[in-house]
Amino acid sequence: MEQNVRAGRCVVAVDGPSGSGKSTVSRRLAVSLGARYLDTGAMYRALTWAVLRSGVDLTDTESVAKVAGEVDLRIGTDPQGYGVTADGVDVAKEIRGPEVTGAVSAVAAVGAVRELLVARQRQVIADAGRIVVEGRDIGSVVAPDADLKVYLTASEAARAQRRSAEDAADVVATAADLARRDKLDSTRKVNPLQQAADAVVLDTTELGIDEVVARLRALLSERGVA
């Protein structure tokens, strides 16, 4: 169901590693603000699904970039229920599977892929005007002029517990996968996972979702954009 979006520009950039609470917090904040919501990670995952379906070698950056330039990728911005399609196929479920999860960091590290998707993300932000955007390079690259930049983090144990509960997976295996993705995402040459210099860092280890959203609303109120 489409929400009623309030007037007035408000761009919130939410970055952080997997399991830090980005998605749930961002969606709830967007609903609270009467804003749109963009899951940039879902865009990279949908593109990864398309690359895997094409059968190209993940290490062949030119072929990966070619798939990226040809796929018809669409993503909704309703925080209460958005869809993700690639070439007309609903991939919302598939992009959360282990195959895509294991390959997405490699695809996202390709410079041409990031250039293409960052441009798409900036256009979505410009069209929405009032939006909460989550990812790994939003405050530092995609929306450096955001009204509020937040870097969510949490202990490794908390992140593994949360993600394993979501995926019904083994905690130890999940922790290992998160560590692998953290390393890949933070060391890639193009737009690595990093905290923007002017971002507010919030450790969510001991905080509930409502507490985090309330703190972000308070920060936005201080800036006069809530």
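When reading the values below, keep in mind they use all heavy atoms of this one structure, side chains included, and skip hydrogens, waters and symmetry mates. The chain is numbered in sequence order, starting from 1.
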**Asked** Between Arg28 and Asp210, is a salt bridge (Lys or Arg N to Asp or Glu O under 4.0 Å) present by the stated rule, with each step listed?
**Response** CA-CA 8 Å; Arg28 290 199 191 178; Asp210 290 340; 3.0 Å; yes
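- Between Cys10 and Leu220, some side-chain heavy-atom pair lies under the 4.5 Å cut-off.
- Across all non-hydrogen atoms, the minimal contact from Leu73 to Ala46 is CD1-CB, 3.3 Å.
- Residues forming a side chain to side chain donor-acceptor pair (under 3.5 Å) with Asp15 (at least two apart in sequence, or on another chain): none.
- In plain terms, the two heavy atoms of Val31 and Pro79 that are nearest each other are CG2-CG, 3.7 Å.
- Ser23 is listed as a side-chain neighbour of Tyr37, based on a closest heavy-atom distance under 4.5 Å.
- Nearest heavy atom pair, residue Ala50 against residue Val71, reads CB-CG2, 3.8 Å.
- Checked by atom type and distance alone, the side chain of Thr205 pairs as donor or acceptor with a backbone atom of Ser155 at under 3.5 Å.
- Partners of Arg74 under the salt bridge (charged side-chain N to carboxylate O under 4.0 Å, His left out) rule, at least two apart in sequence or in another chain, are Asp72.
- Not a single donor-acceptor pair under 3.5 Å links the side chain of Arg114 to the backbone N or O of Ala109.
- The salt bridge (charged side-chain N to carboxylate O under 4.0 Å, His left out) with Asp39 is formed by just one residue from the set Arg136, Arg27, Arg96, Arg45; it is Arg96.
- Leu116 is not connected to Ile95 by any chain of hydrophobic side-chain contacts under 4.5 Å among Ile, Leu, Val, Met, Phe, Trp and Tyr, and they are in different clusters.
- The closest side-chain donor-acceptor pair between Arg217 and Ser32 falls under 3.5 angstrom.
- Residues Ala103 and Leu58 share a closest heavy-atom pair of CB-CD1, 3.6 Å.
- Atom CD1 in Ile125 sits 8.5 Å away from atom CG in Asp145 (nearest 0.5 Å).
- Heavy-atom neighbours of Glu99 CD from other residues, nucleotides or ligands within 6.0 Å: at or below the threshold of 12.
- Residues Val212 and Leu152 form a side-chain contact, since some pair of their non-hydrogen atoms from C-beta on lies under 4.5 Å apart.
- Between Ile131 and Val124 there is a side-chain heavy-atom pair separated by less than 4.5 Å.
- Note that OH of Tyr151 and CG of Asp203 are 11.0 Å apart. Values are rounded to the nearest 0.5 Å.
- Under the 4.5 Å side-chain criterion, counting only non-hydrogen atoms from C-beta, Leu148 is in contact with Arg223.
- Looking at heavy atoms from C-beta onward, Asp198 lies in side-chain contact with Lys149 at the 4.5 angstrom threshold.
- At least one donor-acceptor pair under 3.5 Å links the side chain of Thr204 to the backbone N or O of Ser20.
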**Asked** Are Val12 and Leu216 close enough, and set up right, to give a side chain to side chain contact (heavy atoms under 4.5 Å, CB included), and what steps lead you there?
**Response** CA-CA 9 Å; Val12 182; Leu216 299 187; 5.6 Å; no
**Request:** Report the C-alpha distance between Thr85 and Ile75 in whole Å, list the side-chain angles of each, state the deciding distance to 0.1 Å, and finish with yes or no for side chain to side chain contact (heavy atoms under 4.5 Å, CB included).
**Result:** CA-CA 7 Å; Thr85 64; Ile75 184 167; over 6 Å; no
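- Cluster membership for Leu47 and Tyr82, using ILVMFWY side-chain heavy atoms within less than 4.5 angstrom, is shared.
- Separating the CD atom in Gln195 from the OG1 atom in Thr153 is a distance of 9.0 Å, to the nearest 0.5 Å.
- In this structure a side-chain-to-backbone donor-acceptor pair under 3.5 Å is present from Lys22 to Pro17.
- In summary, of the residues considered (Thr24, Ile209, Val150, Val213), a side chain to side chain contact (heavy atoms under 4.5 Å, CB included) with Leu29 occurs for Val213 alone.
- The closest side-chain heavy-atom distance from Leu38 to Met43 is below 4.5 Å.
- Ala146 approaches Ala13 most closely through the heavy-atom pair CB-CB, 4.0 Å.
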**Prompt:** Do Arg9 and Asp147 pass the salt bridge (Lys or Arg N to Asp or Glu O under 4.0 Å) test, and can you show the C-alpha distance, the side-chain angles, and the key distance before you say yes or no?
**Reply:** CA-CA 9 Å; Arg9 180 185 184 277; Asp147 297 285; 2.9 Å; yes
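- Listed here is the closest heavy atom pair of Gly129 and Val11: O-CG2, 3.9 Å.
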**Pair Asp87-Arg53, side chain to side chain contact (heavy atoms under 4.5 Å, CB included): steps then yes or no** = CA-CA 11 Å; Asp87 289 334; Arg53 186 182 66 163; 2.9 Å; yes
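- Salt bridge absent: Glu211 and Arg215 never bring a charged side-chain N and a carboxylate O closer than 4.0 Å.
- Val133 is not listed as a side-chain neighbour of Gln121, based on a closest heavy-atom distance of 4.5 Å or more.
- Remark: the backbone N or O of Val51 is paired with a side-chain donor or acceptor of Ser54 at under 3.5 angstrom.
- For Asp90 (side chain) and Ala92 (main-chain N/O), a donor-acceptor pair under 3.5 Å exists by modelled atom type.
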